[in-house]
Amino acid sequence: MTDAAVTGSPTAGAGRSPGRWSVWWLPRGLHPGAWWLWALGLATAASHTTNPLPLALLVAVAGLVVVRRRGDAPWALAFRMYVWLGVVIVTMRVVFRIVFGGGQGEHILVRLPEIPLPAWAAGIRLFGPVAVEQVLGGFYDGLRLATMLICLGAANALANPKRLLKAVPGALYAVGTAIVVALSVAPQLVESVLRVRRARRLRGASGRGIRALRGVALPVLADALDRSLALAAAMDSRGYGRTAAVPAGQRTVTGALVLGGLVGVCAGTYGLLDTAAPGYLGLPMLLAGLTAAVTGMLLAGRRVRRSRYRPDRWRPAELLVAGCGVVAAALTMLAGSVDPELLYPPVSPLTWPQLTPLMLLAVGVAAAPAWLAPPPPTARAGRPAVDRPIPVTDVPAEGERAATATTPGDRP
(Lines give C-alpha, C1' and ligand atoms only; values in the text may rest on other atoms or scores of the structure.)
Protein backbone atom coordinates (compact mmCIF):
# COMPACT_ATOMS: atom_id res chain seq x y z
CA MET A 1 0.00 0.00 0.00
CA THR A 2 1.53 3.27 -1.11
CA ASP A 3 1.18 6.70 0.36
CA ALA A 4 -0.81 7.86 -2.66
CA ALA A 5 -3.34 5.15 -2.07
CA VAL A 6 -3.74 6.17 1.55
CA THR A 7 -4.41 9.81 0.73
CA GLY A 8 -7.06 8.87 -1.79
CA SER A 9 -5.32 10.28 -4.88
CA PRO A 10 -7.33 9.59 -8.05
CA THR A 11 -4.21 8.40 -9.89
CA ALA A 12 -3.18 5.99 -7.18
CA GLY A 13 -4.15 2.40 -7.82
CA ALA A 14 -5.52 3.11 -11.31
CA GLY A 15 -6.70 -0.07 -12.96
CA ARG A 16 -7.25 -1.98 -9.72
CA SER A 17 -9.80 -1.80 -6.93
CA PRO A 18 -8.62 0.01 -3.77
CA GLY A 19 -7.79 -2.09 -0.76
CA ARG A 20 -9.95 -2.35 2.29
CA TRP A 21 -7.60 -0.32 4.50
CA SER A 22 -7.08 2.40 1.87
CA VAL A 23 -10.85 2.88 1.65
CA TRP A 24 -10.96 2.98 5.46
CA TRP A 25 -8.60 5.97 5.57
CA LEU A 26 -10.14 7.94 2.73
CA PRO A 27 -11.15 11.44 3.91
CA ARG A 28 -14.87 11.58 4.60
CA GLY A 29 -17.25 13.14 7.06
CA LEU A 30 -18.17 10.85 9.93
CA HIS A 31 -21.85 10.40 10.77
CA PRO A 32 -22.83 13.15 13.25
CA GLY A 33 -24.67 10.65 15.43
CA ALA A 34 -21.39 8.83 16.11
CA TRP A 35 -19.71 12.02 17.31
CA TRP A 36 -22.66 12.89 19.53
CA LEU A 37 -22.76 9.41 21.10
CA TRP A 38 -19.02 9.65 21.75
CA ALA A 39 -19.41 13.09 23.33
CA LEU A 40 -22.39 12.01 25.43
CA GLY A 41 -20.31 9.08 26.69
CA LEU A 42 -17.54 11.46 27.73
CA ALA A 43 -20.05 13.79 29.39
CA THR A 44 -21.57 10.84 31.25
CA ALA A 45 -18.13 9.81 32.46
CA ALA A 46 -17.46 13.37 33.63
CA SER A 47 -20.77 13.51 35.50
CA HIS A 48 -19.78 10.51 37.65
CA THR A 49 -16.69 12.07 39.22
CA THR A 50 -15.37 15.24 40.81
CA ASN A 51 -11.75 14.09 40.69
CA PRO A 52 -9.86 16.88 38.87
CA LEU A 53 -7.31 14.49 37.34
CA PRO A 54 -9.70 12.44 35.14
CA LEU A 55 -11.72 15.57 34.42
CA ALA A 56 -8.63 17.38 33.14
CA LEU A 57 -7.70 14.31 31.09
CA LEU A 58 -11.20 14.22 29.54
CA VAL A 59 -10.87 17.89 28.57
CA ALA A 60 -7.48 17.14 27.01
CA VAL A 61 -8.94 14.15 25.14
CA ALA A 62 -11.79 16.27 23.75
CA GLY A 63 -9.32 18.91 22.58
CA LEU A 64 -7.05 16.28 20.99
CA VAL A 65 -9.87 14.66 19.02
CA VAL A 66 -11.17 18.04 17.88
CA VAL A 67 -7.74 19.18 16.69
CA ARG A 68 -7.07 15.94 14.78
CA ARG A 69 -10.50 15.29 13.31
CA ARG A 70 -12.29 18.59 12.78
CA GLY A 71 -12.71 20.04 9.32
CA ASP A 72 -12.70 23.61 8.07
CA ALA A 73 -16.48 24.12 8.26
CA PRO A 74 -17.89 27.11 10.17
CA TRP A 75 -19.08 25.01 13.11
CA ALA A 76 -15.56 23.62 13.62
CA LEU A 77 -14.44 26.99 14.98
CA ALA A 78 -16.79 26.93 17.99
CA PHE A 79 -14.74 24.66 20.26
CA ARG A 80 -12.60 27.51 21.59
CA MET A 81 -15.74 29.33 22.68
CA TYR A 82 -16.84 26.32 24.74
CA VAL A 83 -13.42 26.12 26.41
CA TRP A 84 -13.62 29.77 27.47
CA LEU A 85 -17.18 29.24 28.66
CA GLY A 86 -15.91 26.36 30.81
CA VAL A 87 -13.27 28.64 32.32
CA VAL A 88 -15.99 31.17 33.14
CA ILE A 89 -18.10 28.46 34.80
CA VAL A 90 -15.23 27.32 37.03
CA THR A 91 -14.42 30.92 37.98
CA MET A 92 -18.02 31.76 38.80
CA ARG A 93 -18.38 28.61 40.89
CA VAL A 94 -15.32 29.47 42.98
CA VAL A 95 -16.41 33.10 43.38
CA PHE A 96 -19.87 31.96 44.46
CA ARG A 97 -18.35 29.78 47.18
CA ILE A 98 -16.20 32.69 48.38
CA VAL A 99 -19.09 35.15 48.49
CA PHE A 100 -21.80 32.95 50.03
CA GLY A 101 -19.99 30.11 51.77
CA GLY A 102 -17.13 31.54 53.83
CA GLY A 103 -15.54 29.89 56.82
CA GLN A 104 -16.32 26.23 56.06
CA GLY A 105 -12.96 24.59 56.67
CA GLU A 106 -9.94 24.41 58.90
CA HIS A 107 -7.27 25.87 56.60
CA ILE A 108 -8.06 29.58 56.26
CA LEU A 109 -6.58 31.36 53.25
CA VAL A 110 -7.75 34.91 53.87
CA ARG A 111 -10.21 36.66 56.15
CA LEU A 112 -12.52 39.00 54.26
CA PRO A 113 -14.74 41.51 56.05
CA GLU A 114 -18.13 39.98 56.68
CA ILE A 115 -21.26 41.89 55.66
CA PRO A 116 -23.98 41.70 58.36
CA LEU A 117 -27.41 40.54 57.20
CA PRO A 118 -30.86 40.89 58.83
CA ALA A 119 -32.35 38.19 61.02
CA TRP A 120 -34.64 36.83 58.27
CA ALA A 121 -31.52 35.87 56.26
CA ALA A 122 -30.20 33.55 58.96
CA GLY A 123 -27.94 30.83 57.58
CA ILE A 124 -26.55 33.03 54.79
CA ARG A 125 -23.23 34.76 55.20
CA LEU A 126 -21.59 37.20 52.81
CA PHE A 127 -17.79 36.98 52.62
CA GLY A 128 -15.98 36.26 55.88
CA PRO A 129 -13.07 33.81 56.23
CA VAL A 130 -12.16 31.89 53.05
CA ALA A 131 -10.98 28.31 53.58
CA VAL A 132 -9.08 26.00 51.25
CA GLU A 133 -11.77 23.31 51.53
CA GLN A 134 -14.39 25.79 50.42
CA VAL A 135 -12.43 26.89 47.33
CA LEU A 136 -11.60 23.30 46.37
CA GLY A 137 -15.25 22.27 46.66
CA GLY A 138 -16.31 25.02 44.29
CA PHE A 139 -13.45 24.20 41.92
CA TYR A 140 -14.37 20.50 41.77
CA ASP A 141 -18.05 21.18 41.10
CA GLY A 142 -17.31 23.84 38.49
CA LEU A 143 -14.73 21.66 36.73
CA ARG A 144 -17.20 18.79 36.42
CA LEU A 145 -19.83 21.03 34.85
CA ALA A 146 -17.25 22.69 32.58
CA THR A 147 -15.96 19.29 31.42
CA MET A 148 -19.44 18.15 30.48
CA LEU A 149 -19.98 21.38 28.53
CA ILE A 150 -16.63 21.07 26.72
CA CYS A 151 -17.38 17.47 25.73
CA LEU A 152 -20.68 18.55 24.17
CA GLY A 153 -18.87 21.46 22.52
CA ALA A 154 -16.48 18.94 20.94
CA ALA A 155 -19.44 17.17 19.35
CA ASN A 156 -20.74 20.50 18.10
CA ALA A 157 -17.35 21.20 16.49
CA LEU A 158 -16.97 17.74 14.93
CA ALA A 159 -20.50 16.84 13.83
CA ASN A 160 -22.21 18.39 10.84
CA PRO A 161 -25.43 19.90 12.22
CA LYS A 162 -27.07 19.89 8.79
CA ARG A 163 -26.61 16.13 8.43
CA LEU A 164 -28.41 15.60 11.73
CA LEU A 165 -31.66 16.46 9.97
CA LYS A 166 -31.40 13.23 7.95
CA ALA A 167 -31.20 11.08 11.06
CA VAL A 168 -34.28 12.58 12.73
CA PRO A 169 -37.40 10.37 12.55
CA GLY A 170 -40.19 11.57 10.31
CA ALA A 171 -42.47 12.27 13.25
CA LEU A 172 -39.96 14.69 14.77
CA TYR A 173 -38.83 16.46 11.62
CA ALA A 174 -40.13 19.84 12.83
CA VAL A 175 -38.41 19.48 16.21
CA GLY A 176 -35.27 18.23 14.47
CA THR A 177 -35.26 21.24 12.17
CA ALA A 178 -35.47 23.60 15.14
CA ILE A 179 -32.68 21.74 16.96
CA VAL A 180 -30.40 21.77 13.93
CA VAL A 181 -30.96 25.49 13.42
CA ALA A 182 -30.29 26.15 17.11
CA LEU A 183 -27.09 24.08 17.06
CA SER A 184 -25.79 25.94 14.01
CA VAL A 185 -26.36 29.40 15.52
CA ALA A 186 -23.30 29.44 17.77
CA PRO A 187 -20.79 28.27 15.10
CA GLN A 188 -22.19 30.77 12.59
CA LEU A 189 -21.90 33.60 15.13
CA VAL A 190 -18.29 32.63 15.80
CA GLU A 191 -17.57 32.61 12.08
CA SER A 192 -19.25 36.01 11.65
CA VAL A 193 -17.26 37.53 14.52
CA LEU A 194 -13.98 36.24 13.11
CA ARG A 195 -14.82 37.50 9.64
CA VAL A 196 -15.83 40.96 10.89
CA ARG A 197 -12.68 41.26 13.03
CA ARG A 198 -10.52 40.24 10.09
CA ALA A 199 -12.20 42.83 7.89
CA ARG A 200 -11.67 45.51 10.55
CA ARG A 201 -7.97 44.71 10.77
CA LEU A 202 -7.64 44.94 6.98
CA ARG A 203 -9.26 48.39 7.08
CA GLY A 204 -6.87 49.54 9.81
CA ALA A 205 -9.39 49.73 12.65
CA SER A 206 -7.56 49.73 15.96
CA GLY A 207 -10.42 50.10 18.45
CA ARG A 208 -10.69 47.54 21.26
CA GLY A 209 -12.99 46.75 24.13
CA ILE A 210 -16.28 48.62 24.46
CA ARG A 211 -15.27 51.08 21.75
CA ALA A 212 -15.05 48.32 19.13
CA LEU A 213 -18.24 46.57 20.27
CA ARG A 214 -20.50 48.69 18.10
CA GLY A 215 -18.34 48.13 15.04
CA VAL A 216 -18.42 44.36 15.56
CA ALA A 217 -21.91 43.75 16.95
CA LEU A 218 -23.91 45.49 14.21
CA PRO A 219 -22.28 43.65 11.26
CA VAL A 220 -22.57 40.36 13.13
CA LEU A 221 -26.28 40.89 13.78
CA ALA A 222 -26.85 41.91 10.17
CA ASP A 223 -25.01 38.81 8.97
CA ALA A 224 -27.03 36.59 11.32
CA LEU A 225 -30.27 38.10 9.99
CA ASP A 226 -29.18 37.49 6.38
CA ARG A 227 -28.29 33.90 7.18
CA SER A 228 -31.65 33.35 8.90
CA LEU A 229 -33.60 34.70 5.95
CA ALA A 230 -31.57 32.62 3.49
CA LEU A 231 -32.07 29.48 5.61
CA ALA A 232 -35.82 30.13 5.93
CA ALA A 233 -36.15 30.60 2.17
CA ALA A 234 -34.15 27.44 1.45
CA MET A 235 -36.18 25.37 3.89
CA ASP A 236 -39.48 26.71 2.57
CA SER A 237 -38.46 25.91 -1.01
CA ARG A 238 -37.71 22.32 0.05
CA GLY A 239 -41.09 21.83 1.70
CA TYR A 240 -40.23 21.98 5.39
CA GLY A 241 -43.24 22.75 7.55
CA ARG A 242 -45.76 21.40 5.07
CA THR A 243 -47.74 18.34 6.10
CA ALA A 244 -50.32 16.28 4.29
CA ALA A 245 -53.99 16.47 5.15
CA VAL A 246 -54.47 14.24 8.21
CA PRO A 247 -57.77 13.66 10.06
CA ALA A 248 -58.06 15.31 13.45
CA GLY A 249 -58.66 11.98 15.18
CA GLN A 250 -55.42 10.51 13.88
CA ARG A 251 -53.46 13.56 15.01
CA THR A 252 -55.02 13.27 18.47
CA VAL A 253 -54.16 9.59 18.79
CA THR A 254 -50.56 9.97 17.67
CA GLY A 255 -50.03 13.04 19.88
CA ALA A 256 -51.46 11.26 22.90
CA LEU A 257 -49.26 8.21 22.27
CA VAL A 258 -46.08 10.28 21.95
CA LEU A 259 -46.78 12.49 24.96
CA GLY A 260 -48.00 9.62 27.12
CA GLY A 261 -44.98 7.53 26.14
CA LEU A 262 -42.57 10.32 27.08
CA VAL A 263 -44.31 10.75 30.44
CA GLY A 264 -44.02 7.00 30.97
CA VAL A 265 -40.30 7.10 30.14
CA CYS A 266 -39.75 9.88 32.69
CA ALA A 267 -41.73 8.04 35.35
CA GLY A 268 -39.92 4.77 34.64
CA THR A 269 -36.52 6.45 34.82
CA TYR A 270 -37.45 7.99 38.16
CA GLY A 271 -38.61 4.61 39.40
CA LEU A 272 -35.29 3.02 38.44
CA LEU A 273 -33.28 5.73 40.18
CA ASP A 274 -35.41 5.84 43.34
CA THR A 275 -35.05 2.67 45.40
CA ALA A 276 -38.12 3.55 47.54
CA ALA A 277 -40.45 3.69 44.51
CA PRO A 278 -42.89 0.78 43.91
CA GLY A 279 -41.81 -1.98 41.52
CA TYR A 280 -44.33 -1.21 38.77
CA LEU A 281 -42.97 2.35 38.52
CA GLY A 282 -39.51 1.18 37.40
CA LEU A 283 -38.69 -1.05 34.45
CA PRO A 284 -42.31 -1.95 33.49
CA MET A 285 -43.29 1.72 33.26
CA LEU A 286 -40.14 2.51 31.27
CA LEU A 287 -40.78 -0.28 28.74
CA ALA A 288 -44.45 0.70 28.39
CA GLY A 289 -43.51 4.34 27.83
CA LEU A 290 -40.91 3.44 25.20
CA THR A 291 -43.41 1.22 23.38
CA ALA A 292 -46.10 3.93 23.34
CA ALA A 293 -43.66 6.64 22.24
CA VAL A 294 -42.18 4.55 19.41
CA THR A 295 -45.66 3.54 18.21
CA GLY A 296 -46.81 7.16 18.15
CA MET A 297 -43.69 8.25 16.26
CA LEU A 298 -44.15 5.53 13.65
CA LEU A 299 -47.80 6.47 13.12
CA ALA A 300 -46.99 10.18 12.93
CA GLY A 301 -44.08 9.58 10.57
CA ARG A 302 -46.34 8.06 7.93
CA ARG A 303 -47.97 11.39 7.18
CA VAL A 304 -44.62 13.13 6.64
CA ARG A 305 -43.51 12.75 3.06
CA ARG A 306 -39.77 13.17 2.71
CA SER A 307 -37.38 12.17 -0.03
CA ARG A 308 -33.94 10.79 0.80
CA TYR A 309 -30.87 11.41 -1.30
CA ARG A 310 -27.81 9.39 -0.37
CA PRO A 311 -28.94 8.32 3.12
CA ASP A 312 -26.22 8.31 5.76
CA ARG A 313 -25.12 4.81 6.64
CA TRP A 314 -23.25 3.64 9.72
CA ARG A 315 -19.94 2.06 8.81
CA PRO A 316 -17.36 0.38 11.07
CA ALA A 317 -15.70 3.74 11.83
CA GLU A 318 -18.98 5.15 13.19
CA LEU A 319 -19.55 2.08 15.34
CA LEU A 320 -16.02 2.27 16.76
CA VAL A 321 -16.28 5.98 17.59
CA ALA A 322 -19.68 5.62 19.26
CA GLY A 323 -18.50 2.50 21.08
CA CYS A 324 -15.49 4.36 22.49
CA GLY A 325 -17.80 6.86 24.19
CA VAL A 326 -20.07 4.14 25.57
CA VAL A 327 -17.13 2.08 26.85
CA ALA A 328 -15.52 5.15 28.47
CA ALA A 329 -18.75 5.89 30.36
CA ALA A 330 -19.13 2.23 31.40
CA LEU A 331 -15.54 2.03 32.66
CA THR A 332 -16.02 5.19 34.73
CA MET A 333 -19.17 3.77 36.31
CA LEU A 334 -17.32 0.55 37.04
CA ALA A 335 -14.49 2.51 38.65
CA GLY A 336 -17.06 4.26 40.81
CA SER A 337 -18.46 0.97 42.04
CA VAL A 338 -14.96 -0.37 42.83
CA ASP A 339 -13.36 2.74 44.42
CA PRO A 340 -16.05 5.40 44.95
CA GLU A 341 -13.87 7.47 47.28
CA LEU A 342 -11.33 8.00 44.48
CA LEU A 343 -13.93 9.35 42.06
CA TYR A 344 -15.21 11.80 44.70
CA PRO A 345 -12.13 12.92 46.63
CA PRO A 346 -13.11 14.55 49.94
CA VAL A 347 -12.13 18.12 50.66
CA SER A 348 -12.32 17.73 54.44
CA PRO A 349 -9.85 16.40 55.36
CA LEU A 350 -7.72 17.48 52.43
CA THR A 351 -6.57 14.55 50.29
CA TRP A 352 -4.54 14.46 47.10
CA PRO A 353 -6.63 13.13 44.12
CA GLN A 354 -5.50 9.83 42.67
CA LEU A 355 -6.04 7.88 39.46
CA THR A 356 -6.95 4.22 39.15
CA PRO A 357 -6.20 1.87 36.21
CA LEU A 358 -9.89 1.86 35.25
CA MET A 359 -9.88 5.68 35.00
CA LEU A 360 -6.75 5.64 32.84
CA LEU A 361 -8.26 2.93 30.64
CA ALA A 362 -11.45 4.98 30.23
CA VAL A 363 -9.44 8.04 29.19
CA GLY A 364 -7.40 5.97 26.72
CA VAL A 365 -10.54 4.50 25.13
CA ALA A 366 -12.07 7.99 24.89
CA ALA A 367 -8.98 9.24 23.02
CA ALA A 368 -9.02 6.40 20.46
CA PRO A 369 -11.28 8.24 17.92
CA ALA A 370 -8.40 10.64 17.27
CA TRP A 371 -6.86 7.76 15.27
CA LEU A 372 -9.80 5.44 14.57
CA ALA A 373 -11.98 8.04 12.84
CA PRO A 374 -11.16 8.80 9.18
CA PRO A 375 -9.66 12.23 8.43
CA PRO A 376 -12.29 14.83 7.51
CA PRO A 377 -12.50 16.24 3.98
CA THR A 378 -11.19 19.79 3.76
CA ALA A 379 -11.58 22.40 1.08
CA ARG A 380 -7.87 23.19 1.25
CA ALA A 381 -6.94 19.75 -0.05
CA GLY A 382 -8.89 20.33 -3.26
CA ARG A 383 -7.48 23.75 -4.04
CA PRO A 384 -6.14 23.95 -7.63
CA ALA A 385 -2.49 24.65 -8.29
CA VAL A 386 -3.25 27.82 -10.26
CA ASP A 387 -4.05 29.64 -7.03
CA ARG A 388 -0.42 29.57 -5.97
CA PRO A 389 1.49 32.85 -6.48
CA ILE A 390 3.86 33.02 -9.43
CA PRO A 391 7.53 33.27 -8.36
CA VAL A 392 9.23 36.55 -9.16
CA THR A 393 12.05 34.75 -10.98
CA ASP A 394 9.60 33.41 -13.59
CA VAL A 395 8.51 36.92 -14.65
CA PRO A 396 10.79 38.46 -17.34
CA ALA A 397 12.12 41.94 -16.85
CA GLU A 398 11.06 44.90 -18.95
CA GLY A 399 14.30 44.94 -20.96
CA GLU A 400 14.10 41.23 -21.72
CA ARG A 401 10.51 41.55 -22.90
CA ALA A 402 11.40 44.47 -25.16
CA ALA A 403 14.37 42.62 -26.64
CA THR A 404 12.32 39.50 -27.21
CA ALA A 405 9.59 41.50 -28.93
CA THR A 406 12.02 43.18 -31.36
CA THR A 407 14.06 40.12 -32.29
CA PRO A 408 14.53 40.06 -36.15
CA GLY A 409 13.69 36.38 -36.33
CA ASP A 410 10.27 37.02 -34.87
CA ARG A 411 9.24 39.53 -37.57
CA PRO A 412 6.88 38.25 -40.21
Side-chain angles (χ1 to χ4, degrees), residues 31-50 58 82 89 141-142 144-156 159 161 164-183 185-186 241 243 246 248-304 314 322-323 325-334 336-337 340 343-344:
H31 195 283
W35 285 125
W36 275 104
L37 288 177
W38 169 79
L40 289 175
L42 265 65
T44 303
S47 66
H48 282 78
T49 179
T50 56
L58 288 176
Y82 287 96
I89 290 175
D141 292 340
R144 177 171 59 176
L145 181 57
T147 304
M148 297 171 59
L149 179 66
I150 290 174
C151 292
L152 298 181
N156 200 1
L164 284 176
L165 197 58
K166 292 184 178 181
V168 175
L172 302 177
Y173 80 100
V175 179
T177 304
I179 293 176
V180 169
V181 173
L183 290 176
V185 167
T243 58
V246 182
Q250 185 177 353
R251 285 200 303 268
T252 303
V253 171
T254 54
L257 285 175
V258 172
L259 292 178
L262 294 178
V263 172
V265 168
C266 295
T269 305
Y270 174 78
L272 288 178
L273 296 177
D274 188 7
T275 57
Y280 65 88
L281 198 60
L283 186 61
M285 182 65 71
L286 179 61
L287 294 178
L290 286 175
T291 303
V294 171
T295 303
M297 290 181 184
L298 292 178
L299 292 177
R302 292 181 179 179
R303 70 171 185 264
V304 179
W314 281 66
V326 175
V327 172
L331 288 175
T332 305
M333 295 180 184
L334 181 60
S337 61
L343 286 183
Y344 297 91

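Keep in mind that this is a model prediction, so the values were computed, not measured.
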- Gap separating the CG atom of Leu37 from the CG atom of Leu42, nearest 0.5 angstrom: 12.0 Å
- How many angstroms lie between OG1 in Thr49 and CE in Met333, if you round to the nearest 0.5 Å? 12.5 Å
- Quick check: does any side chain N or O of Tyr82 sit under 3.5 Å from a backbone N or O of Cys151, one acting as donor and the other as acceptor? no
- Item | Spatial distance of atom CD1 (Ile150) from atom CG (Asn156) [nearest 0.5 Å] | 13.5 Å
- Item | Nearest-0.5 Å distance, CG of residue Asp141 to CD1 of residue Ile89 | 12.5 Å
- Task: Specify the closest pair of heavy atoms between Trp314 and Ala322, including all atoms of both residues, with the distance to one decimal.
- Result: CZ3-CB, 4.1 Å
- Query: How far apart are the closest heavy atoms of Thr295 and Thr291, and which atoms are they?
  - Reply: OG1-O, 2.7 Å
- Locate the shortest heavy-atom distance separating Ala45 from Thr332; write the atom from each residue and the value. CB-OG1, 3.3 Å
- Task: Considering non-hydrogen atoms only, spot the tightest contact between Ser47 and Tyr344 and give its length.
- Result: O-OH, 4.1 Å
- Query: Is there a side-chain contact between Val265 and Leu286 (heavy atoms, below 4.5 Å)?
  - Reply: yes
- Message: Please find the pair of heavy atoms, one from Met285 and one from Gly268, that lie closest to each other, and give the distance.
- Response: CG-N, 3.7 Å
- Query: Hey, does Leu145 have a side-chain heavy atom less than 4.5 Å from the side chain of Leu149?
  - Reply: no
- Message: Tell me every residue that passes side-chain contact (heavy atoms from CB on, under 4.5 Å) with Ala159, counting only those two or more places apart in sequence or in another chain.
- Response: Pro32, Trp35, Trp36
- Closest heavy-atom contact between Gly261 and Ala292? CA-CB, 3.9 Å
